There are 2 protein chains.
Amino acid sequence: MKLSDSIENFIKTLLAEDSPEVELKRSELAEYFGCAPSQINYVLATRFSPDQGYITESRRGGGGYIRIVRVVQTGSQRLMYLINERIGESISEMESARLIQQLMEQQVVTVREAELMRAAISAQAMSVPVPDAIKNAFRARMMKTMLLTIARQNRGQGGGANV
Amino acid sequence: MKLSDSIENFIKTLLAEDSPEVELKRSELAEYFGCAPSQINYVLATRFSPDQGYITESRRGGGGYIRIVRVVQTGSQRLMYLINERIGESISEMESARLIQQLMEQQVVTVREAELMRAAISAQAMSVPVPDAIKNAFRARMMKTMLLTIARQNRGQGGGANV
DNA sequence: CTGGATATGGTCAAAGATAGTCAGAAGACC
DNA sequence: GGTCTTCTGACTATCTTTGACCATATCCAG
């Protein structure tokens, strides 16, 4: 089997047994698989992206780590639809706002949370001199990451949202 | 491997038990943790700065000491300070995360709101090929816009958080 | 008093420890 | 052979730890 697949499986096994999240050291994992450390980043980018329902965080320096959080269980159609189809690689402010409005109406997010999301992707927040195309790419990624975060929170508390 | 975290926890435990303030000796603490005394300054600078809601005082010479005090501030004061003075034109992910963490600890925002903001300014959300300097400019504007939204919400309803 | 000795804490730059990025090499698959 | 995926290595960015040198109190001998 290919290296990337092995690493992917290894991490997914950890995620299955332990909890919905694992923390590991890039350098150790790379050594374990006898590959370049950057290989790990490749695996994270291609197998554990938001599009696939994962959130990753990391820290450099002494005591650094990589944390991977699984958010969707295979089958959360609605969330994946939003993330992959509705949002995709690029989304405008208007379109984002409509989506956020819907989430609020469906009580997936509170009014305050909706306002916060709107603020984050607003033109005002993004009034930095870069092309609109780039801004829309930013919006898309931000929306996806925020959605996954909400979904992650909902899980576990049974807190009234059906993403 | 994470000496700084240990020292941070140690001090926070003291702060939790005793009072909103502790006094300690830099040299003793350093000896206790078997590290260089200047390590303590690093911890103070990165974990007990005004950003995190602490102020520190100290005195040199015989009978010298370091005192750490947890600051109490209303939510709106804090928000205004962050928006008008602290954030500025550019801010890193880690700095932002610390500010958000503090707002959560002071219950100015809920856990979900904090996670949402963290998600919005995370490296993953901003993994678009533009220079870091631009990303940090984005972060600053996004943070200010989001915090302003929170401030507005608080003013309107006085609800949910510590205004 | 006064000035040096002693006792602390502060600063900063450099070294150490991790992780990230990206261009191009190497493979795999039509 | 062409193209897409995988893999690597050199370079970069970020976080931590230390050590040499600096600053400021307190104490004490004279």
Side-chain angles (χ1 to χ4, degrees), chain A residues 1-11 22-49 51-52 55-68 141, chain B residues 1-11 22-49 51-52 55-69 90-98 101 121-137 139:
Chain A
M1 193 189 299
K2 275 171 299 193
L3 219 199
S4 287
D5 294 333
S6 302
I7 299 175
E8 176 187 0
N9 286 336
F10 180 81
I11 294 174
V22 274
E23 189 172 300
L24 34 82
K25 290 196 161 284
R26 187 179 82 145
S27 51
E28 283 179 7
L29 194 56
E31 193 175 359
Y32 179 70
F33 282 98
C35 64
S38 55
Q39 177 69 27
I40 307 302
N41 296 84
Y42 176 74
V43 175
L44 292 180
T46 57
R47 271 68 162 181
F48 296 91
S49 71
D51 287 355
Q52 278 133 329
I55 295 175
T56 60
E57 312 165 53
S58 65
R59 216 166 138 189
R60 310 186 189 192
Y65 61 81
I66 291 178
R67 185 180 358 241
I68 303 166
R141 289 184 174 272
Chain B
M1 289 256 231
K2 33 172 198 167
L3 219 196
S4 288
D5 293 334
S6 302
I7 299 174
E8 175 186 1
N9 287 336
F10 180 82
I11 295 174
V22 272
E23 190 172 301
L24 33 80
K25 291 197 157 285
R26 187 179 83 146
S27 51
E28 282 180 7
L29 195 56
E31 193 174 358
Y32 179 69
F33 282 99
C35 65
S38 54
Q39 176 72 29
I40 307 302
N41 296 83
Y42 176 74
V43 174
L44 293 180
T46 57
R47 323 289 218 260
F48 295 92
S49 70
D51 277 1
Q52 277 93 13
I55 53 180
T56 60
E57 315 162 47
S58 65
R59 202 143 164 222
R60 311 184 187 192
Y65 60 83
I66 291 178
R67 180 179 311 150
I68 303 168
V69 186
S90 171
I91 191 170
S92 72
E93 177 179 5
M94 191 172 247
E95 278 178 300
S96 307
R98 284 185 173 140
Q101 174 72 22
I121 54 92
S122 72
Q124 192 170 41
M126 303 186 76
S127 60
V128 164
V130 305
D132 285 339
I134 303 285
K135 291 182 185 177
N136 285 340
R139 286 194 174 97

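Values reported hereafter were calculated over all heavy atoms of this structure, with side chains retained and with hydrogens, waters and symmetry mates removed. Residue numbers start from 1 in every chain, and the chains themselves are labelled A, B, ... in the order their sequence lines are given, proteins ahead of strands. From a predicted model like this one, the values you see are computed outputs, not experimental measurements.
With sequence neighbours excluded, no residue forms a side chain to side chain donor-acceptor pair (under 3.5 Å) with B:Asn9. Every side chain to side chain donor-acceptor pair (under 3.5 Å) that B:Glu23 has, sequence neighbours left out, goes to B:Arg67. Partners of A:Tyr32 under the ring pair (Phe, Tyr, Trp, His ring centres under 6.0 Å) rule, at least two apart in sequence or in another chain, are A:Phe10. A:Tyr65 pairs by the ring pair (Phe, Tyr, Trp, His ring centres under 6.0 Å) definition with nothing, not counting sequence neighbours.
For the salt bridge (Lys or Arg N to Asp or Glu O under 4.0 Å) condition, no pair includes a residue of residues 33-45 of chain B, sequence neighbours left out. For residues 39-49 of chain B, the side chain to side chain donor-acceptor pair (under 3.5 Å) pairs, not counting sequence neighbours, are B:Ser4-B:Gln39, B:Asp5-B:Arg47, B:Glu8-B:Arg47, B:Arg26-B:Asn41, B:Ser49-B:Gln52.
Nearest-nucleotide assignment on DNA chain D puts the 5′-proximal partner with B:Arg98, out of B:Pro37 and B:Arg98.
Of all nucleotides listed (D:dT8, C:dG10, C:dT8), C:dT8 comes nearest to the side chain of B:Ser27.
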Please table the atom pairs, donor to acceptor, closer than 3.5 Å between any side-chain atom in residues 124-136 of chain B and protein atoms at least two apart or in another chain.
residue, atom, partner, partner atom, Å
B:Gln124, OE1, A:Thr56, N, 3.3
B:Gln124, NE2, A:Thr56, OG1, 3.4
B:Ser127, OG, A:Arg141, NH1, 2.9
B:Ser127, OG, B:Gln124, O, 2.9
B:Lys135, NZ, B:Met126, O, 3.1
B:Lys135, NZ, B:Val128, O, 3.4
B:Asn136, OD1, B:Arg139, NH1, 2.9

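Distances shown here put a side-chain N or O of B:Arg47 below 4.0 Å from the OP1 or OP2 atom of D:dT16. For the OP1/OP2 pair of C:dG20 and a distance below 4.0 Å, the side-chain nitrogens and oxygens of A:Ser58 include at least one atom meeting the criterion. For the pair B:Tyr42 and D:dT17, the criterion of a side-chain N or O lying under 4.0 Å from OP1 or OP2 is not met.
With contacts defined as side-chain heavy-atom distances shorter than 4.5 Å, the pair A:Ile55/A:Ile68 does not qualify.
B:Gln39 places its CD atom 15 Å from the P atom of D:dC15, with the value rounded to the nearest Å. Atom P of nucleotide D:dT8 and atom CD of A:Glu31 are separated by 14 Å, given to the nearest angstrom. To the nearest angstrom, C1' of C:dT8 lies 11 Å from CZ of B:Arg59.
Relative to the axis of its first five pairs, the axis of the last five pairs of the helix from C:dC1-D:dG30 to C:dC30-D:dG1 sits at 10°, rounded to 10 degrees.
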Identify all pairs in which a protein N or O lies below 3.5 Å from an N or O of nucleotides 21-29 of chain C, and state each distance.
none

